[in-house]
Amino acid sequence: MKKLTKRLTETVSEAFERCGYDPALGAVTVSDRLDLCQFQCNGALSGAKLYHKAPIMIARDVVEKLSEIKEFSDVSAVAPGFINITLDDGYLISYLNEAAADPDLGVPQCEKPETVVIDYGGPNVAKPLHIGHLRSAIIGESLKRTARATGRTVIGDVHFGDWGTPYGLTIAEYKVRHPDWPCFKDDYDPARDVIPDIDEDEMNEIYPFASAKSKEDPDFKAESRQTVVDLQNRKPGIFDLWKKIKDVSVESVKKSYSRLSVDFDCWYGESDSDCYTDELIERLTEKGLLYESDGAMVVDVAEEGDKIDIPPIIVKKSDNSSIYATFDLATIIQREKDFNPDRIWYLTDKRQNLHFVQVFRCAKKAGLVPEGCELRHLGFGAMTGPDGKPYKTRDGGVMQLSTLIDTVEEAAFEKLKDSDYITGDRRDTAHKIGIAALKFGDLSNQPAKDYIFDLDKFLSFDGKTGTYLLYTVTRINSILKKADESSPKLSALYSDGERELALRLALCGESFEKAFEDMAPSALCESAYNIASAFSRFYHDNRILTEEGPEKRGSWLALSSLTRSMLVKLLDCLAIETVENM
Ligand code: ARG
């Protein structure tokens with residue numbers, strides 16, 4: 001279905017044209033002052049320079065043509081040259097009825113088929129998910145669902161960190177602690193030797209320990225470097241131990257992701273790009289891009305006009321081992337071959353901005369993807385404590401993601417303790433409300449900005465919170481259940497409150513497009529909140545269930561039902577589950 005502002009833009013552009021002006025001036029946007037009008041067009045202001053005419057004159061010309069249009073209840077030219085538009089109720093109603101019957105609920109579908117790969121999550125083997133992994137997972141999941149809702153084919157790939165320096169350190173430390181394990185012996189034979197089971201607690205503790213140790217102990221550092229080379233050469237004992245560690249890691253991160261309703265189509269890791277490394281080196285060499293610098297192999301990616309220094313990208317280290325950038329470049333070859341994507345999007349915190357600038361420039365220079373393929377990185381800000389510093393545990397340590405989820409669920413459970421309304425499993429309801437609070441608290445911010453983790457605020461029933469949205473849905477559930485009417489019809493709008501709700505619903509589809517284009521689920525949050533608050537006002541002003549006029553009652557129920565469908569769809573794209581009652 002075509003979005004509302006697009007339809008209006010077409011009508012207004014035509015009026016500009018009929019007056020002899022450039023139709024491109026007819027862009028219509030939602031008004032910032034809904035109390036004055038619903039939509040506005042500022043084209044006459046830009047037209048003034050073009051036609052050497054006062055903007056108000058242009059606006060008046062166009063308004064004269066527009067006043068013939070029956071879809072508008074009010075069109076006026078306002079100084080210095082704005083065109084203010086308010087829709088006729090009938091038009092709004094038929095738009096909403098069309099949206100209600102549309103399988104996509106009025107969400108505009110992308111015009112030509114498009115494939116998007118979204119690289120998010122980014123967990124690492126042998127490191128438990130911590131709070132720094134939260135945003136990539138939940139923003140990425142939301143963008144994946146939003147892109148699907150707009151008709152795109154989307155592949156979510158977790159891109160496990162599993163093949164670089166950290167795994168050399170981890171395995172080298174295992175060797176120090178368990179020198180007797182058969183995988184470390186020269187005569188290791190996988191058919192005969194069994195590697196002991198990996199203890200998850202030890203695994204989680206080993207990497208930070210080894211990383212700190214390598215800074216003080218040059219011998220250990222050298223040993224771990226050799227171990228990465230052995231791993232990347234798939235030396236049997238080292239490689240088999242790595243596989244065991246990876247299995248335990250994957251199991252553990254899957255558990256945390258599933259608590260967040262986050263899932264991936266591909267569980268690939270850096271190691272899966274390994275088979276494309278030779279091709280990468282060949283292609284970079286063929287193009288004459290690769291050269292030696294201090295023993296390493298690098299590609300220049302600086303461009304004229306750069307405001308900061310963009311250093312060459314290191315593709316191979318001096319010991320010929322592959323690093324983070326190698327994996328990203330090789331993975332681009334893999335994605336191009338497997339999916340032929342129109343876009344590849346990456347989500348990490350913004351400290352990796354430079355890395356992605358280097359990778360994208362190198363990939364484009366080398367032609368690893370066609371010119372038209374969009375490579376885009378969303379670098380997001382941090383979740384902080386009240387002091388503005390990254391959120392920590394009470395004793396100042398890094399908080400594990402599972403601990404954060406426990407905390408949020410427990411707080412939601414506490415809050416619901418005295419509620420008489422919950423009919424289902426209390427723990428499950430608390431889980432859903434807690435996750436909704438956490439996600440909405442995060443996603444309602446501009447992704448690039450830091451935000452403060454404020455659980456009391458996130459769980460509040462008032463204001464722009466996930467809790468408020470779930471509560472609104474349960475309110476509608478209860479009305480519709482009591483009303484027990486199978487297919488109510490929206491036939492009229494009886495008050496300004498309803499008009500505002502109807503307008504918010506009609507604009508819902510646009511927020512999906514905006515969320516996708518700006519990589520900003522906050523646009524969905526904004527739309528959901530605007531709909532929910534307009535619904536609350538409508539609900540307060542009217543006695544829906546006791547209304548005696550069947551047409552009015554039916555209209556109100558239809559509006560309530562559409563409100564619920566749109567809220568549920570918006571929340572689903574934020575990967576927030578609703579609850580029946582609370
Ligand atoms: N594992 C990485 C990290 O923890 C994030 C991976 C992001 N994706 C990518 N293609 N580089 O920082």
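Remember, it's 1-based here, ligands and their atoms both numbered in the order they're listed. Position 1 is the first residue of the sequence; numbering continues from there.
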* Structure fact -> The side-chain hydrogen bond (donor to acceptor under 3.5 Å, both in side chains) partners of R177 (sequence neighbours excluded) come to E173, E205
* Please determine which of L570, I576, D572, L443 meets the side-chain contact (heavy atoms from CB on, under 4.5 Å) test together with L524. => L570
* When you look at Y120 and L378, which way does the side chain to side chain contact (heavy atoms under 4.5 Å, CB included) test go after all the steps? -> CA-CA 10 Å; Y120 68 106; L378 176 67; over 6 Å; no
Tabulation required: pairs of a nitrogen or oxygen in ligand 1 and a protein nitrogen or oxygen under 3.5 Å; columns are atom names and distance to 0.1 Å; otherwise 'none'.
from     : atom 1 : to   : atom 2 : distance (Å)
ligand 1 : 1 (N)  : G122 : O      : 3.1
ligand 1 : 1 (N)  : N124 : OD1    : 2.8
ligand 1 : 4 (O)  : G122 : O      : 3.4
ligand 1 : 4 (O)  : N124 : ND2    : 2.9
ligand 1 : 8 (N)  : D119 : OD1    : 3.0
ligand 1 : 10 (N) : D119 : OD2    : 2.8
ligand 1 : 10 (N) : D328 : OD1    : 2.7
ligand 1 : 11 (N) : Y324 : OH     : 2.8
ligand 1 : 11 (N) : D328 : OD1    : 3.4
ligand 1 : 11 (N) : D328 : OD2    : 2.9
ligand 1 : 12 (O) : Q352 : NE2    : 2.9

* Does E141 pair with K439 as a salt bridge, N-O distance under 4.0 Å? -> no
* Structure fact -> Given the options V359, L289, V357, I313 meets side-chain contact (heavy atoms from CB on, under 4.5 Å) only with V359
* Asked: Looking at D518 and K514, does any basic side-chain N land under 4.0 Å from a carboxylate oxygen?
  -> yes
